[in-house]
Amino acid sequence: MPTAETTAARPAPMKRDDIPGWFFSLDRAAFGHLLSAQTTAGVTGDILELGSYLGRSAVLLGDHLRPGERLTVCDLFDSEAGDEDNAAEMDMSYRKTLTRSAFEANYLAFHSELPEIVQAPTSVLADGRIPAGSCRFVHVDASHLYEHVAGDIAVARAALTGNGLVALDDYRSEHTPGVSAAVWEAVFTGGLRPVLLTPMKFYGTWGDAAAARQVLLARDWRSDGYTVDEDTIAGARVLRLNYQVKAPVLRSAPRRLALELLPPVATKATRRMLRTLRERRAAPPVASA
């Protein structure tokens, strides 16, 4: 059961970055570009999110809904998990903060109506309640356990239109090997074609990957502060986007002299402070799904 701490009223977020989570600026840009390009090309369809946390990514997905389209989000929120492994993951990472009421408050701070919410394990979507071929975009960011992710990928494949896109979170993190196994299994044995890799997410399609890559290359990512590169995986081309690394700042002679003249304890403290400031400037904005 939620505690008083988790259900206490929280102030509505003033801006989207106020919503906690791990949905960083690069993937926000990629989502926005791909979804807008679909709309421009006349592609229609619903949007599905498996694993929403407190709504950071769901709010952006809601921005791109067009008349007649539906956003469905599926998350356990504050319900009990259906198996011991999933329950352990919930208790370790999300139990103290994740509630449906918090998600709804965050979403309604930016949209007038809630999406369709399925408060249950994502495995329930395998029952066909999402019509086959009805979605143009699916975001998978739920369990990190192999069996669950493999099931979520199967749900995404059934839900997507022919050239629909799926975004899979945590495909390369050292603490989520189950996600990596399920993603690359889908690539090498399940027909999933890589389109784009970012530090956090894998983007792919069971349709025309080359067309999706061309959509991405139509944007000048470098002028927006990102790098764009191309790799080949088993003969298939895939794009990589990342943050540009800023050149190191050269210290002026007076600054070097000041550091040399300070007492050793003060010098160490100053260096720590400067290093912390540099890291904060270089890090992507914190806060996902």
Side-chain angles (χ1 to χ4, degrees), residues 6-40 46-67 69-78 93-94 96-119 135-142 165-171 173 196 198-203 215-216 219-221 223-226 241-244 279-289:
T6 61
T7 57
R10 295 185 178 92
M14 299 298 294
K15 57 184 184 297
R16 291 153 194 257
D17 285 352
D18 292 338
I19 303 174
W22 301 269
F23 187 45
F24 301 116
S25 60
L26 174 51
D27 288 297
R28 295 201 300 270
F31 272 44
H33 181 78
L34 290 167
L35 287 162
S36 294
Q38 286 180 330
T39 299
T40 300
D46 294 336
I47 299 174
L48 174 63
E49 180 166 71
L50 284 66
S52 294
Y53 192 48
L54 293 175
R56 189 173 173 87
S57 56
V59 166
L60 185 147
L61 294 173
D63 293 340
H64 292 273
L65 288 176
R66 294 297 176 261
E69 295 180 340
R70 176 180 63 173
L71 169 62
T72 299
V73 302
C74 181
D75 200 297
L76 277 172
F77 296 113
D78 33 1
S93 303
Y94 311 115
K96 292 183 179 179
T97 57
L98 179 57
T99 66
R100 177 168 174 168
S101 61
F103 169 86
E104 291 179 349
N106 290 336
Y107 193 89
L108 290 174
F110 302 99
H111 296 288
S112 60
E113 295 182 1
L114 288 170
E116 180 168 332
I117 298 175
V118 180
Q119 186 170 351
C135 295
R136 59 185 171 106
F137 194 93
V138 177
H139 179 212
V140 177
D141 187 10
L165 297 168
V166 61
L168 298 153
D169 190 67
D170 269 335
Y171 75 101
S173 299
L196 170 68
T198 71
M200 293 297 293
K201 297 186 190 293
F202 170 107
Y203 298 74
V215 166
L216 287 162
R219 174 169 173 169
D220 184 2
W221 294 96
S223 67
D224 292 330
Y226 305 111
L241 289 180
N242 210 331
Y243 300 94
Q244 290 180 7
E279 290 172 352
R280 287 178 178 174
R281 286 196 296 266
V286 175
S288 132

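A distance-only check finds a donor-acceptor pair linking the side chain of Asn106 to the backbone of Leu54 [under 3.5 Å]. For the pair Tyr171 (side chain) and Tyr203 (backbone), a donor-acceptor distance under 3.5 Å is absent. Arg70 places no side-chain N or O within donor-acceptor distance of the main-chain N or O of Pro115, the cut-off being under 3.5 Å. Under a 3.5 Å cut-off, the side chain of Asp18 and the backbone N or O of Lys15 do form a donor-acceptor pair. Looking only at distances, a side-chain donor or acceptor of Tyr243 sits under 3.5 Å from a matching main-chain atom of Leu26.
If you look at His139 and Phe31, their ring centroids are closer than 6.0 Å. The ring of Tyr53 has its center no closer than 6.0 angstrom to the ring center of Phe23.
In this structure, the side chains of Trp22 and Asp141 stay at 4.5 Å or more apart for every pair of heavy atoms. Residues Asp46 and Thr72 are not in side-chain contact: their nearest non-hydrogen atoms beyond the backbone lie 4.5 Å or more apart. Between Val138 and Glu49, the closest side-chain pair of non-hydrogen atoms is not below 4.5 Å. Counting heavy atoms from C-beta on, the side chains of His64 and Ser36 come closer than 4.5 Å. With contacts defined as side-chain heavy-atom distances shorter than 4.5 Å, the pair Thr99/Phe77 does not qualify.
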Might you work through the side-chain contact (heavy atoms from CB on, under 4.5 Å) test for Leu35 and Leu165, ending with a clear yes or no?
-> CA-CA 9 Å; Leu35 287 162; Leu165 297 168; over 6 Å; no

Worked verdict on Glu69 versus Arg136 for side-chain contact (heavy atoms from CB on, under 4.5 Å) = CA-CA 10 Å; Glu69 295 180 340; Arg136 59 185 171 106; 3.0 Å; yes

Working for side-chain contact (heavy atoms from CB on, under 4.5 Å), residues Asp169 and Asp27 = CA-CA 10 Å; Asp169 190 67; Asp27 288 297; 5.8 Å; no

Verify side-chain contact (heavy atoms from CB on, under 4.5 Å) between Gln119 and Leu76, making sure each step is shown before the conclusion.
-> CA-CA 5 Å; Gln119 186 170 351; Leu76 277 172; 6.0 Å; no

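Contact record, Leu241 with Pro199: O-CD, 3.4 Å, taken as the closest heavy-atom pair. Annotation for Val73 and Ser52: closest pair CB-OG, 3.3 Å, computed over non-hydrogen atoms. Heavy-atom minimum distance, Trp221 versus Leu216: NE1-O, 2.7 Å. The two residues Thr39 and Arg66 make their nearest non-hydrogen contact at CG2-NE, 3.4 Å. Between Leu71 and Ala58 the shortest heavy-atom distance is CD2-O, 3.8 Å. Minimum interatomic distance between Leu48 and Cys135 (heavy atoms only, all atoms of both residues): CB-SG, 4.0 Å.
The existence of a salt bridge linking Arg28 and Asp17 is confirmed by a sub-4.0 Å separation between a basic side-chain nitrogen and an acidic carboxylate oxygen.
Remark: His111 engages Val59, Asp63, Tyr107 in a side chain to side chain contact (heavy atoms under 4.5 Å, CB included) (not counting sequence neighbours). Listed by chain and residue number, Arg100, Leu114, Ile117 satisfy the side chain to side chain contact (heavy atoms under 4.5 Å, CB included) test with Glu104 (two or more places apart in sequence, or in another chain).
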